[in-house]
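Everything on this sheet refers to the single structure shown next.
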Amino acid sequence: MTEKVPYSTSNYPDKLIDQFGRQVDYIRLSITDRCDFRCTYCMAEEMTFLPREDVLSLEECARLIKVFVNLGVTKVRITGGEPLVRKNALWLFQEVGKLDKLKELVVTTNGSQLEKQALSLKQAGVKRVNVSLDSLNSDRFKKITRTGELDKVLRGIQAAKQAGFDNIKLNTVLMRGSNDDEVQSLVDYAIDQEIDISFIEEMPLGEVNHARDSTFVSNAETLKTLQSKYSLVASTESTGGPARYWQVANSKTKIGFISPHSHNFCEACNRVRITCKGELYLCLGQEDKVDLMPLLRKHPNDDRPLIQAIIDSMSIKPKGHDFDLQRAKPAVVRFMSHTGG
């Protein structure tokens, strides 16, 4: 076996700074394009998934994360597809959870596997759990996810609470005519469970079977609705992502708004995304990318080409995304399940 070629961290920056002076200290890594749900805004009903050899191995995922952490990344989010359906995914969380320089390891999940895995994830070093939840109505939940069982997800959230997770957050995509009438019930559930909730505007990624301009609900509209029902106080708290938060008075719940359309959040973008194919996307809404898988496989024992490629990628990170709901076809044709989270 060839000995791994060491590299001196003194030869590389301890921070990743893009051409606009923004520091990248947060990565979102998809470890699978597969999911046990088929959410209407995320996937087509009939999906063709990648063959196994075209997907990063868990060892390659761990190697990538370690390199990024050595380059100043302090927050890592593991996503999918549904990351917890990947066989032996827990091993990756355990490996990454050991990294001294990493401040926060987060998982985004649909909640279907949490009932079984929440405690193990907590023990592995996961700090926060984000659960996608778009409806509290069982029939509607089934319609949105096509395959999901609401009760299973709700039990998963309870399992995460019992495992000791203090930072549980719901992620909700509101769609007009589908679940936009559940804003208050979802917030009431979050308040009752003493967890947070974020509303995410639907993003025009991938070909789906509806016109997104007809289903789009702006967060400005959602905030106005909630302000008529609750006493909300603007919060300066940040989780390192694009959400802007409001505290619900006399509760432990914060409401976040991620608004790629009604409020472009690119000026403070601190993140990049890596697909399960090892494609480094510098922006969710643009197609600029660097293929890292060939470097991982061509140089299995030498991180230096990989490190240089990541550093060089900062020069092509765009200033902002390009979302336009009026386009007949999306500017970005890859599915959210492909890009990750």
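One is the number of the first residue; the rest follow in order along the sequence. All values derive from a computational prediction rather than experimental measurement.
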Can you list, pair by pair, the side-chain donor-acceptor contacts under 3.5 Å of residues 117-124, counting residues two or more places apart and other chains?
| residue | atom | partner | partner atom | Å |
| --- | --- | --- | --- | --- |
| Gln117 | NE2 | Leu84 | O | 3.1 |
| Lys122 | NZ | Gly164 | O | 3.4 |

_For residues Ile157 and Ile191: do they belong to one hydrophobic cluster (side chain heavy atoms under 4.5 Å, members Ile, Leu, Val, Met, Phe, Trp, Tyr)?_
yes
*asked:* Would you compute the distance between atom CG of Leu296 and atom CG of Asp302 and round it to the nearest 0.5 angstrom?
replied: 11.5 Å
_Sidechain-backbone polar pair: Tyr189 side chain, Gln184 backbone, donor-acceptor under 3.5 Å_ = no
_Nearest heavy-atom neighbours spanning Lys98 and Gln94_ = CG-O, 3.2 Å
*Looking only at heavy atoms, what is the nearest atom pair of Leu114 and Ala160, with distance?*
CD1-CB, 4.5 Å
*Spatial distance of atom CD (Glu201) from atom OG (Ser218) [nearest 0.5 Å]*: 6.0 Å
*Rounded to the nearest 0.5 Å, how far apart are CD1 of Ile65 and CG of Leu92?*
5.0 Å
*Are side-chain heavy atoms of Arg297 and Glu60 found at a separation under 4.5 Å?*
yes
*asked:* Looking at Gly80, is its backbone amide N or carbonyl O close enough to the side chain of Arg86 to form a donor-acceptor pair, meaning the two atoms are under 3.5 Å apart?
replied: no
*asked:* If you count heavy atoms of other groups shown closer than 6.0 angstrom to NZ of Lys142, is the number above 12?
replied: yes
*Mind checking whether Leu170 and Asp196 have side chains closer than 4.5 Å, heavy atoms only?*
no
_Leu64, Thr32, Ile31 screened by side-chain contact (heavy atoms from CB on, under 4.5 Å) with Leu56, the one that passes_ = Leu64
*asked:* Among residues at least two apart in sequence or on other chains, which ones pass side-chain contact (heavy atoms from CB on, under 4.5 Å) with Gln23?
replied: Lys15, Ile17, Asp25
*asked:* Strictly below 4.0 Å, N to O, side chains only: are Lys277 and Asp54 in salt-bridge contact?
replied: no
*Can you find a heavy atom in the side chain of Val24 that is under 4.5 Å from one in the side chain of Asn270?*
no
*asked:* Donor-acceptor pair, distance only, cut-off 3.5 Å: does the side chain of Glu279 make one with the backbone of Leu292?
replied: no
*Does a donor on one side chain and an acceptor on the other come within less than 3.5 Å for Asn250 and Tyr230?*
no
*Answer yes when Lys66 and Glu95 have at least one side-chain N-carboxylate O distance shorter than 4.0 Å, and no when they do not.*
yes
*Over all heavy atoms of both residues, which pair between Lys252 and Gln247 is shortest? Give the atoms and the distance, please.*
C-NE2, 3.7 Å
*Do the side chain of Ser231 and the main chain of Ala249 share a donor and acceptor less than 3.5 angstrom apart?*
no
*Find the distance between CD1 (Ile307) and CG (Asn70) and round it off to the nearest 0.5 Å.*
7.0 Å
*Which residue pairs pass the ring pair (Phe, Tyr, Trp, His ring centres under 6.0 Å) test when at least one of the two sits in residues 73-127, sequence neighbours left out?*
none
_Non-neighbouring partners of Asp36 that pass side-chain hydrogen bond (donor to acceptor under 3.5 Å, both in side chains), sequence neighbours left out_ = Asn110, Ser112, Gln113
_For Arg140, all residues meeting salt bridge (Lys or Arg N to Asp or Glu O under 4.0 Å), sequence neighbours excluded_ = Asp181, Glu182
*Enter the distance from Arg63:CZ to Leu58:CG here, rounded to the nearest 0.5 Å.*
15.0 Å
*Without swapping roles, check the side chain of Asp192 against the backbone of Asp188 for a donor-acceptor pair under 3.5 Å.*
no
*Go through the steps to decide whether Gln158 and Gln193 satisfy the test side chain to side chain donor-acceptor pair (under 3.5 Å), and finish with yes or no.*
CA-CA 9 Å; Gln158 293 305 311; Gln193 297 298 316; 2.6 Å; yes
_Under the salt bridge (charged side-chain N to carboxylate O under 4.0 Å, His left out) definition, can you give me all pairs with a residue in residues 153-164, not counting sequence neighbours?_
Glu115-Arg155
*Not counting sequence neighbours, which residues clear ring-ring contact (aromatic ring centres under 6.0 Å, His included) with Phe141? List them please.*
Phe37
*asked:* Could you check whether Glu194 and Thr253, counting side-chain N and O atoms only, form a donor-acceptor pair closer than 3.5 Å?
replied: no
*Do you know which two heavy atoms are closest between Leu29 and Cys61, and how far apart they sit?*
CD2-CB, 3.8 Å
*Who passes side-chain contact (heavy atoms from CB on, under 4.5 Å) against Lys127, sequence neighbours left out?*
Glu104
*Is there side-chain contact between Tyr26 and Val73, with heavy atoms separated by less than 4.5 Å?*
no
*Measure the shortest side-chain to side-chain distance between Trp246 and Phe257 over non-hydrogen atoms and say whether it is less than 4.5 angstrom.*
yes
*Going by an N to O cut-off under 4.0 Å, is there a salt bridge joining Arg34 and Glu82?*
no
*What ring pair (Phe, Tyr, Trp, His ring centres under 6.0 Å) pairs are there with at least one residue in residues 142-184, not counting sequence neighbours?*
none
*State the OG1-CG distance between Thr109 and Asn130, to the nearest 0.5 angstrom.*
10.0 Å
*asked:* Test of understanding: with side-chain contact (heavy atoms from CB on, under 4.5 Å), list the residues that count as partners of Asp180, not counting sequence neighbours.
replied: Arg176, Val217
*asked:* Between Asn219 (side chain only) and Phe199 (backbone N and O only), is there a donor and an acceptor less than 3.5 Å apart?
replied: yes
*Output yes when Asp288 and Lys317 qualify as a salt bridge under the 4.0 Å nitrogen-oxygen rule, no when they do not.*
no
*Apply side-chain contact (heavy atoms from CB on, under 4.5 Å) to Thr225 and list each qualifying residue two or more places apart in sequence or on a separate chain.*
none
_Closest approach of Val55 to Met293 (non-hydrogen atoms, all atoms of both residues)_ = C-CE, 3.8 Å
*Do Tyr281 and Val272 have side-chain heavy atoms sitting under 4.5 Å apart?*
no
*Selection residues 290-319 - residue pairs positive for ring pair (Phe, Tyr, Trp, His ring centres under 6.0 Å), sequence neighbours left out*: none
*With no hydrogens and no angle check, do the side chains of Arg273 and Ser30 hold a donor and an acceptor under 3.5 Å apart?*
no
_Ignoring hydrogens, what is the shortest heavy-atom contact between Leu136 and Leu150? Give both atom names and the distance._
O-CD2, 3.3 Å
*Is there a donor-acceptor contact under 3.5 Å from the side chain of Asp134 to the main chain of Val173?*
yes
